[in-house]
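Reading through the structure tokens given below for one structure.
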Amino acid sequence: MLIRVTPRHAIPSSEVTDESVYRNRREFLRQAGLLGAAVAGVGLPRLARAMDGAGPQGQGPGKLGAVAMGEDLRKDLTDWGDVTSYNNFYEFGTAKDDPAPNARAFRVKPWTVKVDGLVKKPADYQLEEFMKPHRLEDRIYRHRCVEAWSMVIPWRGFPMADLVRRVEPLPSAKYVEFTTLMDPKQMPGQRFPVLDWPYTEGLRLDEAMHPLALFVTGVYGTDLPNQNGAPLRHVVPWKYGFKGCKSIVRIRFTDREPATAWNKAAAHEYGFYANVNPGVDHPRWSQKRERIIGGIRSKATLMFNGYGDQVASLYAGMDLAKFY
Ligand SMILES: Nc1nc2c(c(=O)[nH]1)N[C@H]1C(S)=C(S)[C@@H](COP(=O)(O)O)O[C@H]1N2
Ligand SMILES: [Mo]
């Protein structure tokens, strides 16, 4: 997406070709003590790198049985190796192959999730209590990054609406804000002003209540690898990937549109809505087509990432070029 080298100076980094980005990344790795590991990875063949990204403790995929939604996408599933080694998780580095090795030692137990703001039942949950009432299901979703690449991923999670009902938002609540853990000791990327840490994202309450919106704890029938946002993230499949906040520690209900990390970094590039829309280009990446990760051909991007039948009514009457 982009790196802020010095505050207020943003430069592109999608495929990390720009010389200053390259130098910035080396500096990042050097200071984080990670350069040796990263350099060792450069130039390794694809297969070796996929294995390197196999996840913590050599984790591999579980068994994917019946899926509750998205069975038609099963034939298009992105390989486990790509799902777990080609990641955006800037807390662990800005290159796609940084998060898998750099998040290996990340501790996700114990984990606390705060629910606060305009709700009847605010709480500090241990993750186990947070999860307890909810039934997990596997759903295969399209995953579209604003950098114009895409995957098809079998998430494991539960509808966000179930949690929203459980904590009982007040009538004044109109939005939900999500916050990623802030822990520069464990998350070396947070030692650099790439984004205004901690990462935050937000949804309108009706978006959060939509049956497609999920809290996710697993992928491919197993627990989330750290680089994919363990132990808890959210996924909103009709929006660009950056709307899905990883490693969530706080869920806050509010009456005002939450500030989001990417919007703060570059407001003209990353709006609050971030609905997948082939008709509205990002200043640096056309949104008309998408590169399929692990695939040979690209494909045309669909409005709302192909979920228009289900979500278009949320935006009836809105100018989606203005509310991008
Ligand atoms: N905390 C946090 N969440 C994040 C990001 C990040 O850098 N930090 N990157 C976002 C982007 S741009 C994308 S495309 C998805 C990538 O999720 P994946 O690595 O599981 O494919 O995570 C999103 N959530
Ligand atoms: Mo993304």
Side-chain angles (χ1 to χ4, degrees), residues 1-4 12-15 28 53 55 77-103 106 108 141-157 177-184 186-190 192 194-203 214-220 222-237 239-250 260-266 269-271 274-276 282 284-285 287 290-294 301 305:
M1 296 181 74
L2 91 182
I3 299 180
R4 182 168 305 148
S13 77
S14 69
E15 296 308 322
F28 164 84
L77 278 174
T78 303
D79 287 347
W80 163 266
D82 285 326
V83 171
T84 58
S85 68
Y86 190 89
N87 303 103
N88 273 333
F89 199 169
Y90 275 27
E91 286 84 341
F92 293 105
T94 55
K96 299 290 178 283
D97 55 358
D98 285 337
N102 295 348
F106 182 50
V108 298
Y141 278 175
R142 298 186 191 88
H143 182 66
R144 173 62 158 78
C145 179
V146 72
E147 295 164 331
W149 51 265
S150 69
M151 300 190 190
V152 172
I153 303 182
W155 299 118
R156 172 169 284 182
E177 177 191 68
F178 308 91
T179 306
T180 296
L181 178 70
M182 180 73 187
D183 187 354
Q186 292 205 79
M187 295 174 142
Q190 290 178 337
F192 302 84
V194 178
L195 290 170
D196 184 4
W197 311 111
Y199 194 103
T200 59
E201 257 307 333
L203 294 171
L214 286 184
F215 278 117
V216 163
T217 58
V219 67
Y220 266 105
T222 190
D223 286 347
L224 278 176
N226 294 341
Q227 61 269 32
N228 292 94
L232 177 72
R233 70 180 292 175
H234 84 273
V235 168
V236 193
K239 293 179 181 282
Y240 294 117
F242 70 86
K243 290 300 289 182
C245 186
K246 292 179 165 179
S247 304
I248 293 171
V249 293
R250 185 176 182 190
T260 70
W262 284 108
N263 185 254
K264 281 193 271 181
E269 301 194 10
Y270 309 105
N275 291 314
V276 175
H282 179 280
R284 287 181 285 128
W285 302 289
Q287 298 302 320
E290 60 202 56
R291 187 164 59 86
I292 300 170
I293 300 300
T301 290
N305 206 20

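Order of listing sets the numbers, starting from 1, for every ligand and every atom in it.
Neither the backbone nor the side chain of E201 has a heavy atom within less than 4.0 Å of ligand 1. Using a 4.0 Å cut-off between heavy atoms, N88 contacts ligand 1 through both its backbone and its side chain. Residue contacts with ligand 1, taken as heavy atom pairs separated by less than 4.0 Å, involve Y90 via backbone and side-chain atoms alike. With a 4.0 Å heavy-atom cut-off, ligand 1 is reached by the side chain of H143 but not by its N, CA, C or O.
Short contacts between ligand 1 and T180, defined as distances under 4.0 Å to a heavy atom of the residue, involve ligand atoms 1 (N). In the vicinity of F242, heavy-atom distances shorter than 4.0 Å reach the ligand 1 atoms 10 (C), 11 (C), 12 (S), 13 (C), 23 (C). Of all atoms in ligand 1, numbered sequentially from 1 with element shown, those under 4.0 Å from a heavy atom of N87 are 18 (P), 19 (O). Shown in contact with C145 at under 4.0 Å from a heavy atom are these atoms of ligand 1, numbered in order with element: 14 (S).
Polar contact with ligand 1: present for R233 (N/O pair, distance under 3.5 Å). Between W155 and ligand 1, no N or O atom pair is found at a separation short of 3.5 Å.
Within the structure, ligand 1 lacks S247 among the residues with a heavy atom less than 4.0 angstrom away.
Using a distance-only test at 3.5 Å, with no hydrogens or angles considered, a donor-acceptor pair links the side chain of Q190 to the main chain of L181. Not one N or O on the side chain of E201 forms a donor-acceptor pair closer than 3.5 Å with the backbone of Y199.
When the heavy-atom distances from atom 15 (C) of ligand 1 to G189, G241, C245, P225 are ranked, the shortest goes to G241.
Below 30°, between 30° and 60°, or above 60°: for W285 and H282 the angle between ring planes is between 30° and 60°, a tilted geometry. Aromatic ring orientation, W262 versus Y270: tilted (interplanar angle from 30° to 60°).
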For the pair F215 and I248, evaluate side-chain contact (heavy atoms from CB on, under 4.5 Å) and give the outcome as yes or no after the intermediate values.
CA-CA 10 Å; F215 278 117; I248 293 171; 4.1 Å; yes

M187 vs T180, side-chain contact (heavy atoms from CB on, under 4.5 Å): CA-CA, chis, key distance, verdict
CA-CA 11 Å; M187 295 174 142; T180 296; 4.2 Å; yes

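A 4.5 Å side-chain heavy-atom check between M151 and Y86 finds at least one atom pair inside the cut-off.
Under a 4.0 Å N-O distance rule, the pair E147/K96 qualifies as a salt bridge.
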